[in-house]
Every structure is written in structure tokens, then in C-alpha cells.
*Asks:* 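Okay, here's the structure, questions in a sec.
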Amino acid sequence: MVHYLLKTKAGQFFIVGTFFIILGGAMLPFSDLMSQYFFYSSICFLGYFAAKNAVSVTIQTKSPNVDLLMILAALGAVLINYESEGAMLLFIFAGAELLESYASAKSTKTISELMSQTPRTAQLLKENGEVVEVSTEDLAIGDRIIVSKGQQVPIDGILDRSVLINEAALTGESIPVKKEKGNEALAGTINEGDVFYLKVNKLSNQTVFSNIIRMVEEAQNRPSKISKMIDRIESKYVTAVLIIVPIFILALYTFGDFNFQEAFYRGMVLLTVASPCALVAAATPATLSAISNGAKNGILFKGGTAMEALNRMDILYSDKTGTLTYGTFKVTDYQLETELLKEVVFMEQQSNHPIAKAIITAFKALDLSTIDHEESIKEIAGSGLVKGDLMVGKKNLFKNYEDENQYLNMHQKGHTIIYVGKSEKVLGYFALADQVRTEAAEAVKDFQKEGVKVRLITGDNEEVAQTVAEEVNISQYKANCMPEDKIHFIQRDQSMSKTVGMIGDGINDAPALANADIGIAMGGGSSVAMESADIVIVKNDLTKLFYSYQLSKKLKQIIMQNLIFAISVIVILIGFNLFGLLDLPVGVIFHEGSTILVILNGLRMLLQNKKSLLK
């Protein structure tokens with residue numbers, strides 16, 4: 001905090017203003033005039049940013065704010081020769097403002113920590129063989145860079161050979177992953193194998209890591225509904241105070257046994273204690289702190305609204321592949337003629353679906369040079385791929401084919417079946433197996449304990465859906481779902497006033513994520529899913545989602561505490577002032593002290609962890 005005070009202009013002004021307050025207090029026994037000058041100087045320094053903000057915001061929004069009330073209260077105190085109280089008022093107010101700025105800065109620090117996880121420079125291999133160090137921002141798509149053993153990958157790109165990559169920074173998985181030639185390596189991961197060349201396929205501002213950083217930045221600028229409500233109330237409340245205070249002064253002077261200075265003094269006390277400083281600070285610092293806490297734990301909230309909605313969730317729909325399961329399929333059985341197999345492998349190379357990757361890996365030794373590389377390939381979300389009259393995908397892609405086809409109705413318990421068809425005839429199949437994530441059952445159990453219903457909706461077949469549902473203890477599931485089916489289930493529950501969450505990772509999940517009240521994407525999934533979601537689980541750990549759910553409930557609890565406390569203090573202090581039981585110094589201390597306590601209570605969200613959330 002001391003470092004923050006010294007490096008910011010507002011902090012420096014606060015230090016100087018505090019110094020003048022101390023001098024003013026020290027001079028009181030010796031010289032009233034010198035003491036006044038020191039207090040005036042203190043008011044100038046401590047009130048500078050509040051006055052600047054009061055004028056600029058009032059002009060821009062055409063409505064008054066809390067800063068204006070504080071400046072008017074301090075000036076009013078000076079007019080009736082209570083400059084020490086005016087200085088003390090601005091001292092505590094400026095301190096509270098600095099504390100709130102500090103909370104925001106702590107949240108913003110998360111971005112810097114994320115950015116530090118990726119290198120700023122790369123070793124560029126030029127066409128003449130020369131290697132030069134360049135900024136990652138200067139790299140262009142198609143550039144070749146060298147990544148040595150033990151180095152971080154500086155930018156997303158395509159590998160020129162098989163390597164071992166540690167993806168813990170993105171997925172949380174500490175065991176290195178074997179990447180094949182032609183696979184994509186992501187910025188921020190670490191090369192644990194031999195040196196390799198990387199062909200840049202994304203600019204520095206398009207990488208997975210840069211998207212994560214951008215999402216955190218955007219989240220900090222998207223307030224929650226309660227923050228928006230407080231902002232709307234603020235200007236109306238301040239306007240009401242500005243009207244009531246002169247009436248209050250006039251009433252005391254006209255109808256009460258007060259001279260003008262006494263009436264004005266009581267009016268300044270009212271102006272101070274009626275200010276909604278603590279109320280305004282009830283939500284924003286806590287929300288920013290919670291977003292920062294989430295980011296440090298691998299959960300990205302795209303704003304306070306997403307975190308606010310999460311604690312109200314009644315139903316959580318979950319995709320299967322890459323969500324409840326690892327999405328690392330393996331071909332266990334297949335039947336297909338060799339030339340057709342080559343066509344299928346080439347088609348699957350155009351997709352980033354986990355099933356496509358499994359087929360490519362299983363048949364990587366095939367020579368694809370004889371395949372037609374010119375004909376376009378179309379990906380049908382949630383179904384499969386089409387190249388001319390050749391189709392590869394799930395059963396729903398072959399709805400016009402005859403059911404008597406020898407392969408079309410085959411099943412293998414717990415396996416995903418992918419069919420290959422041409423000219424309205426199924427010619428072969430692939431049987432693939434996936435594994436359930438070790439933490440999936442724990443996360444499902446935790447949500448169910450909290451009263452959240454968890455349901456599985458998947459495009460996979462009935463047998464696979466049933467196997468996974470039984471393993472993670474989900475009683476309700478739907479198989480063979482198209483993207484529009486997932487939307488239907490979500491909208492059906494929303495029509496019954498349920499708050500619905502949806503978690504997925506694929507392109508086919510994006511429409512459902514966008515339609516849900518809370519869309520949740522797995523960080524290892526498609527960029528489309530991450531763009532459509534409100535929350536991103538960076539490290540693909542479902543227990544992190546339950547942690548974020550607990551975090552959102554804790555945030556709600558802290559905001560409610562702040563609101564009740566802030567309103568109670570305002571009401572009590574106004575009551576004391578109406579009965580003449582409150583002077584300005586005491587009013588300043590209790591009112592601004594309540595603001596500091598509210599901000600400090602919000603900052604507790606930065607310190608929350610799994611253990612403290614369970615208390």
C-alpha cells in the first residue's frame with residue numbers, strides 16, 4: 001500500500017495533505033492563523049482529485065455525485081471557521097478513495113501476472129538462415145521461429161516435428177503432452193523436448209493467452225446489476241441531499257432556536273453523514289476483488305453480472321466430450337477400405353474436434369498425396385464433415401440413408417461410433433473411446449449438495465451418454481442432441497423461471513452457451529465457445545467451477561453485509577443529527593470510517609481460498 005501511495009499522483013497528494021494536517025494540528029496551541037493556513041493547504045491537496053472528479057463527472061453526466069457532496073461539505077466547514085473538520089473530512093474521504101483505487105489496482109495486477117507468463121520476444125529464423133531476436137508483436141503469420149528445449153512457446157503456431165509440450169499454464173495438467181508434426185503449440189506452454197521450429201499461425205493479439213488477458217480486462221469494465229443499480233441511485237440520491245440540506249438549514253434558522261451559523265453547521269453535518277459514500281463502495285471493490293481471485297485460480301469471469309448470476313443457478317447443463325470427459329479419444333476399432341480411409345483422414349485434418357484429432361493420430365502414417373486436395377470440405381456443427389458426396393460423422397448426419405445399412409445401427413458399449421458414407425450408403429465406421437475426467441464426479445456431487453441440478457446433454461449415442469452419466473452420478477441425460485436441441489432444453493427451463501447454466505467446449509456448444517443465463521466454457525476448447533461464454537475455466541478443472549460458484553455466493557454475502565451496514569450507519573447518523581446529538585468531527589469519523597470498513601470488507605475477496613469459502 002505504501003508503494004502504491006508513493007507511485008501514484010493521488011497517493012502523493014494524500015501524503016502532502018496529511019503532512020499539512022499534522023502541521024495544522026501541531027500549530028493550534030501557538031498560532032491560530034498559521035494553523036488555518038496549514039489546514040487550508042491540506043484541504044487543497046486532499047480535495048484536489050475529488051473536486052476535479054466532481055466537476056468533470058457532473059458536467060459529463062449532467063448529474064451530481066458523491067465527490068460533489070464531500071467538497072461542498074468541506075467548503076461549508078471552512079466558511080464557518082471549522083477548517084480543521086473540513087480537512088479531516090477530506091483526509092478520510094481521500095483515504096477511502098485511495099483504498100478503493102488500490103483494490104482496483106490489485107485486480108488489474110492479475111492481468112500483469114498473466115501477461116508475464118508469455119515471452120515478449122522470439123527467435124525468428126529468416127530466409128537466409130540468420131536467427132534474430134524480435135518482439136512477438138512484430139511476428140507475422142507464416143514466420144518461422146525457433147523454440148529451444150526448456151523455453152516457453154512465445155506465440156501460437158504449427159509444429160514441424162513431434163515434441164513434448166508442458167501445457168500446465170493453460171490446462172493445469174503437469175504431465176507433458178506429446179504433440180505431433182502439424183499440431184498446434186500454444187503461447188505460454190513450455191518445450192520439454194528437443195528444439196523445434198514453429199510456423200506462426202496467429203498474431204500476438206490473437207493467441208489463447210492474449211484472449212484470456214483481454215477477457216479479464218473486459219470483465220473489470222462490466223459491472224454487476226447491483227453496481228449498476230447503485231450507480232443509477234447515486235445521482236438521484238445526491239440531488240435529493242442537495243435539495244434537503246438547504247431546506248433543513250432554513251427550517252432550523254426560521255422555526256428553531258438557532259442562529260444562522262448554528263443552523264448552517266447542523267446542515268454541514270447532515271450533508272456529510274447523508275452522503276452515500278459507503279453505499280457507493282458496497283459492491284464494486286468486492287466484485288473486482290472476486291474477479292481477480294477467480295483469475296488467479298484459473299476462472300475468468302467476463303464481468304460482475306456473470307459472477308452475480310452464478311450464485312442463483314438452479315440447473316447446470318453439461319456437454320460430455322472435453323467437459324465431463326478428457327476429450328482425448330482413441331480409435332479402438334474401425335472398418336473401412338484403405339483409399340476411403342485416406343480421404344477421411346484428410347477431411348479430419350480440416351477440423352479441430354477431439355474425434356478428428358483421434359482419427360488423424362491413429363492413421364498418421366498414411367500417405368495422403370493421392371487425395372484430391374482442392375475440393376472444399378464443410379463442417380456441420382454437432383454432426384460431422386462433408387466433402388462432395390462423402391460424409392463422415394454421427395448417425396444424425398445419415399438420416400436420409402437406409403436403416404438396413406450393415407453398419408448404421410451398430411453400437412459398442414461406452415464407445416462413440418463415427419460413420420463413413422457415400423451415395424446414400426454407409427461404407428464403414430470408427431469406434432472411439434473417451435475417458436471421464438477424474439474430478440468430474442466430485443464436481444457434480446458438490447453442485448448437487450448445493451441443490452443445483454446437473455444434467456448431461458450430448459450429441460453422442462445413448463450407450464455412451466448412459467455410461468458417462470452413471471460414472472459421474474447424473475440421473476438425467478439426453479443423447480443424440482443437435483445444437484438446437486441443447487438450446488431447446490435451456491429455453492424450456494428458463495421459461496419456468498429457472499436460472500440455467502451451460503458448460504461446454506466445442507463449436508456446437510456455442511449457441512447453447514450464448515442462450516444460457518450463465519455460459520461456461522472449458523479453456524482447452526474452441527475459441528468460439530470461449531467467446532460465447534460468460535465464464536471460462538482456463539485449466540479445464542471442473543472443481544474450479546464449483547469454487548467459482550462458492551466464490552459468487554461469498555461475494556453476494558459480502559455485498560449484502562456492506563449494503564445493510566452502509567444504510568444502517570447513514571440512518572443512525574442522520575437520526576443523531578436531527579436530535580442535535582452529533583457534531584461534525586464525530587460525524588466525519590463515523591461516516592467516512594464506515595466507507596473504509598466497507599471497502600476493507602470487499603477486499604477480503606482477494607484473500608478467499610477454498611478452505612475459507614467452506615467456513
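Every value quoted in this text rests on a predicted model; they were computed, and no experiment measured them. Position 1 is the first residue of the sequence, and the numbers go up from there.
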*Asks:* Check the pair Y549 / V452 against side chain to side chain contact (heavy atoms under 4.5 Å, CB included), numbers first and verdict last.
*Replies:* CA-CA 10 Å; Y549 174 77; V452 178; 3.7 Å; yes
*Asks:* Indicate the atoms forming the closest heavy-atom contact of I145 with L124, along with that distance.
*Replies:*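 In terms of heavy atoms, the two residues are closest at CG2-CA, 4.2 Å.
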*Asks:* Taking the side chain as every heavy atom from C-beta outward, state whether V134 and L139 have any atom pair closer than 4.5 Å.
*Replies:*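 Answer yes - side chains close enough.
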*Asks:* Test your reading of the model: is there a side-chain donor-acceptor pair from T8 to the backbone of G11, 3.5 Å cut-off?
*Replies:*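 Side chain of T8 to backbone of G11, a donor-acceptor pair under 3.5 Å: yes, one is there.
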*Asks:* Side-chain contact test, heavy atoms from C-beta onward, threshold under 4.5 Å: evaluate it for S568 versus I564 and give yes or no.
*Replies:*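 A side-chain contact exists here, since the closest heavy-atom pair is under 4.5 Å.
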*Asks:* Donor-acceptor check, side chain of E262 to backbone of N259, threshold 3.5 angstrom: yes or no?
*Replies:*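 It does hold such a pair.
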*Asks:* Hey, is the main chain of S31 close enough, under 3.5 Å, to the side chain of S35 for a donor-acceptor pair?
*Replies:*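 Absent.
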*Asks:* Do N293 and Y547 make a side-chain contact, defined as non-hydrogen atoms from C-beta onward lying under 4.5 Å apart?
*Replies:*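 Yes, close enough: below the 4.5 Å cut-off.
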*Asks:* Going through the distances and angles, do I503 and I537 end up as a side chain to side chain contact (heavy atoms under 4.5 Å, CB included)?
*Replies:* CA-CA 10 Å; I503 178 170; I537 306 172; 3.9 Å; yes
*Asks:* Heavy-atom count around F258 CZ within 6.0 Å, excluding the residue itself: above 12?
*Replies:*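 Buried by this count: over 12 neighbours within 6.0 Å.
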*Asks:* Would you say the side chain of D138 lies within less than 4.5 Å of the side chain of D143, judging by non-hydrogen atoms?
*Replies:*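 No, their side chains stay 4.5 Å or more apart.
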*Asks:* Answer yes or no: are there more than 12 heavy-atom neighbours, outside Y253 itself, under 6.0 Å from its atom OH?
*Replies:*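 No, OH of Y253 has 12 or fewer neighbouring heavy atoms, counting only those of other groups under 6.0 Å.
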*Asks:* Would a line drawn from the ring center of F45 to the ring center of F14 be shorter than 6.0 Å?
*Replies:*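 Aromatic pair excluded; centres sit 6.0 Å or further apart.
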*Asks:* Does a side-chain heavy-atom distance below 4.5 Å link M27 with Y37?
*Replies:*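 A side-chain contact under 4.5 Å is absent here.
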*Asks:* Is the number of heavy atoms from other residues, nucleotides or ligands within 6.0 Å of CD (Q557) greater than 12?
*Replies:*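 Above 12, so yes.
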*Asks:* Might you point out which heavy atoms bring T595 and A278 nearest each other, and give the distance in Å?
*Replies:*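 Taking T595 first and A278 second, the nearest heavy atoms are OG1-N, 3.3 Å.
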*Asks:* Starting at CD1 of I43, measure out to OG of S84 and round the result to the nearest 0.5 Å.
*Replies:*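 One finds 8.5 Å between CD1 of I43 and OG of S84.
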*Asks:* Could you check I559 against T287 for side chain to side chain contact (heavy atoms under 4.5 Å, CB included), going step by step and ending with a plain yes or no?
*Replies:* CA-CA 9 Å; I559 289 176; T287 303; 3.9 Å; yes
*Asks:* Measuring from F301:CZ to I520:CD1, what's the distance to the nearest 0.5 Å?
*Replies:*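 Result: 9.0 Å between the selected atoms.
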*Asks:* Say you draw a straight line from CG of D517 to CE of M313; how long is it, rounded to the nearest 0.5 Å?
*Replies:*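 Here the rounded value is 10.5 Å.
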*Asks:* With a 4.5 Å limit on heavy-atom distance, are the side chains of M70 and E592 in contact?
*Replies:*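 Of all side-chain heavy-atom pairs linking E592 with M70, at least one is under 4.5 Å.
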*Asks:* Between CG of N311 and CD of Q550, what distance do you get to the nearest 0.5 Å?
*Replies:*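 The CD atom of Q550 is 12.5 Å from CG of N311, to the nearest 0.5 Å.
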*Asks:* Keeping R604 on the side-chain end and A286 on the backbone end, is there a donor-acceptor pair under 3.5 Å?
*Replies:*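 No.
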*Asks:* If we ignore hydrogens and angles and just use 3.5 Å, is the side chain of E442 paired with the main-chain N or O of E439 as donor and acceptor?
*Replies:*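 No.
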*Asks:* For V66 and C277, which heavy atoms make the closest approach, and how far apart are they?
*Replies:*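 For V66 and C277, the tightest heavy-atom pair comes out as CG1-SG, 3.3 Å.
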*Asks:* Check the pair I570, Y237 against side chain to side chain contact (heavy atoms under 4.5 Å, CB included), reporting the backbone distance first and the verdict last.
*Replies:* CA-CA 12 Å; I570 290 172; Y237 182 94; 3.6 Å; yes
*Asks:* How far does CG of L545 sit from CE of M522, to the nearest 0.5 angstrom?
*Replies:*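 The CG atom of L545 sits 8.5 Å away from the CE atom of M522.
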*Asks:* Using 0.5 Å steps for rounding, measure from the OG1 atom of T272 to the CZ atom of F93.
*Replies:*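 Spacing of OG1 (T272) from CZ (F93) equals 11.0 Å.
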*Asks:* Taking all non-hydrogen atoms of both residues into account, name the closest pair between L252 and A263 and its distance.
*Replies:*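 Shortest heavy-atom contact: CB-CB, 3.9 Å.
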*Asks:* With the side chain counted from C-beta on, respond yes when L551 and M605 share a heavy-atom pair under 4.5 Å apart, and no when they do not.
*Replies:*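 The answer is yes, as the side chains (C-beta and beyond) meet within the 4.5 Å cut-off.
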*Asks:* Can a donor-acceptor pair be found, under 3.5 Å and without considering hydrogens, that links the side chain of T136 to the backbone of T121?
*Replies:*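 Side chain of T136 to backbone of T121: no pair is present.
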*Asks:* Using a 4.5 Å cut-off on heavy atoms from C-beta on, say whether the side chain of E85 contacts that of M268.
*Replies:*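 With C-beta onward as the side chain, the pair stays apart.
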*Asks:* Can you tell me if F565 has over 12 outside heavy atoms packed within less than 6.0 Å of its CZ?
*Replies:*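 Above 12, so yes.
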*Asks:* For V147 versus N191, what's the shortest heavy-atom pair and its separation?
*Replies:*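 For V147 versus N191, the nearest heavy atoms are O-ND2, 3.3 Å.
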*Asks:* When the ring planes of Y48 and F13 are compared, do they come out parallel, tilted or perpendicular, using 30° and 60° as the limits?
*Replies:*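 Taking F13 first and then Y48, their aromatic rings sit tilted (interplane angle of 30° to 60°).
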*Asks:* Taking T254 for its side chain and A251 for its backbone only, find out whether a donor-acceptor pair lies under 3.5 Å.
*Replies:*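 No; zero donor-acceptor contacts below 3.5 Å.
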*Asks:* Just by modelled atom types, is the H591 backbone N or O under 3.5 Å from a matching donor or acceptor in the S594 side chain?
*Replies:*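 Yes: the side chain of S594 pairs with the backbone of H591.
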